[in-house]
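The first residue of the sequence shown is numbered 1, and numbering continues consecutively from there. Atoms considered below: every heavy atom in the structure, side chains included; atoms not considered: hydrogens, waters and symmetry mates.
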Amino acid sequence: DLPVPVPEGLTFTVEIGEVTASSITYTVLPSDVEAEYLCILYDVESADEFTKDEYLVETLYQELTEEARTMGMRLSEYMPQIVDKGVIEDGVFSNLAPESDYYIILFGVDAANGYIANTDVFKTKVTTAEIPTIDINFDIDTVVDGNSAKFTVTPSDDNVAWYFYTVPA
């Protein structure tokens, strides 16, 4: 079991930048720029299942331990690569699901004591944008000649970028 985080006064200000259907840009301003901390993106639905932040932190450490293992490392070797210190400017979380709720989760860690969490958990909720839908139709004419085919694709809107691809049946 991990020790329960003890607040030591470290706080975080998170400024959300551009939010798209698949990414979030952000800035983190810690109250102490010398403090080490973790900045993790986690889906709201999963995070809200935990009745206490300590349980969330424990789960995050289990997941980080597994990530370390997949890289052939112990958690103590992996943590220095992912722990942040100072201001994060132009941070980006990408490959996200559209129209989904996420928390940017922040908490201080004690590098001298096995990277245990040593502050309260701070959460900033962000929702990714929806994928814009485009009202477009295509007329497709096909001419088959032996083992080849010629396609003529006509979009209903010439100002929309589109892509056509065929695969064997």
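Of the possible polar contacts, one joining the Thr128 side chain to the Ala97 backbone as a donor-acceptor pair under 3.5 Å is found. No side-chain donor-acceptor contact under 3.5 Å links Asp157 to the backbone of Ile136. At distances below 3.5 Å, at least one donor-acceptor pair connects side-chain atoms of Thr25 with backbone N or O atoms of Glu18.
Once rounded to the nearest 0.5 Å, the distance linking CD of Glu67 with OH of Tyr61 reads 13.0 Å. With rounding to the nearest 0.5 Å, the separation of CD1 in Ile131 from CD1 in Ile134 is 10.5 Å. Here the CG-CD distance, from Leu75 to Gln62, works out to 11.0 Å after rounding to the nearest 0.5 Å. Atom CD in Glu15 sits 9.5 Å away from atom CD in Glu89 (nearest 0.5 Å). Remark: Asp32 CG to Leu29 CG distance equals 13.0 Å, nearest 0.5 Å. Atom CG of Asp110 is separated from atom CD1 of Ile116 by 5.5 Å, given to the nearest 0.5 angstrom.
At most 12 non-hydrogen atoms from other residues, nucleotides or ligands lie less than 6.0 angstrom from OH of Tyr55.
A continuous path of ILVMFWY side-chain contacts below 4.5 Å connects Val109 to Met73, so both sit in one hydrophobic cluster. Val143 and Val153 fall into different hydrophobic clusters, where Ile, Leu, Val, Met, Phe, Trp and Tyr side chains are chained together by heavy-atom contacts under 4.5 Å. With hydrophobic clusters built from ILVMFWY side chains whose heavy atoms lie under 4.5 angstrom apart, Leu96 does not share a cluster with Val92. One hydrophobic cluster, built from ILVMFWY side chains closer than 4.5 Å, holds both Ile82 and Val121.
Ion pairing between Asp141 and Lys150 fails under the 4.0 Å rule for side-chain N and carboxylate O.
Taking each heavy atom of Glu36 and Ala111 in turn, the nearest pair found is OE1-CB, 2.9 Å. Looking at every heavy atom in both residues, Asp53 comes nearest to Lys123 through OD1-NZ, 3.1 Å. Across all their heavy atoms, Gly108 and Thr119 have their closest contact at N-OG1, 2.7 Å. Counting all heavy atoms, side chain and backbone alike, Asp84 lies closest to Cys39 at OD2-CB, 3.6 Å. Across all their heavy atoms, Lys85 and Glu34 have their closest contact at CE-O, 3.1 Å.
Ile40 has its side chain within reach of Leu60: a pair of non-hydrogen atoms, C-beta onward, lies under 4.5 Å apart. Considering only heavy atoms from C-beta on, Val44 comes within 4.5 Å of Lys125 through its side chain. You'll find the side chain of Ile140 stays beyond 4.5 Å of the side chain of Thr154, heavy atoms only. Looking at heavy atoms from C-beta onward, Val87 lies in side-chain contact with Val33 at the 4.5 angstrom threshold. For the pair Val28/Thr13, no side-chain contact is recorded, criterion being any heavy-atom separation below 4.5 Å from C-beta on. Using a 4.5 Å heavy-atom threshold, the side chains of Leu106 and Leu38 count as separate.
Annotation: ring pair (Phe, Tyr, Trp, His ring centres under 6.0 Å) contacts involving residues 114-137, sequence neighbours excluded, comprise Phe12-Phe122. Counting only residues at least two apart or in different chains, ring pair (Phe, Tyr, Trp, His ring centres under 6.0 Å) contacts with residues 71-101 comprise Tyr26-Phe93. Sorted by first and then second residue, the side chain to side chain donor-acceptor pair (under 3.5 Å) pairs involving residues 91-105 (not counting sequence neighbours) are Asp48-Tyr103, Asp101-Thr127.
The six-membered or imidazole ring of Phe107 lies away from that of Tyr37, with a centre-to-centre distance of 6.0 Å or more.
In this structure Tyr163 satisfies the ring pair (Phe, Tyr, Trp, His ring centres under 6.0 Å) test with no other residue, sequence neighbours excluded. The side chain to side chain donor-acceptor pair (under 3.5 Å) search around Glu63 returns Tyr42, not counting sequence neighbours. For Ser46, the side chain to side chain donor-acceptor pair (under 3.5 Å) test picks out Asp43, with sequence neighbours left out.
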Does Val19 form a side-chain contact (heavy atoms from CB on, under 4.5 Å) with Val126? I'd like the steps, not just the answer. CA-CA 8 Å; Val19 177; Val126 186; 3.9 Å; yes
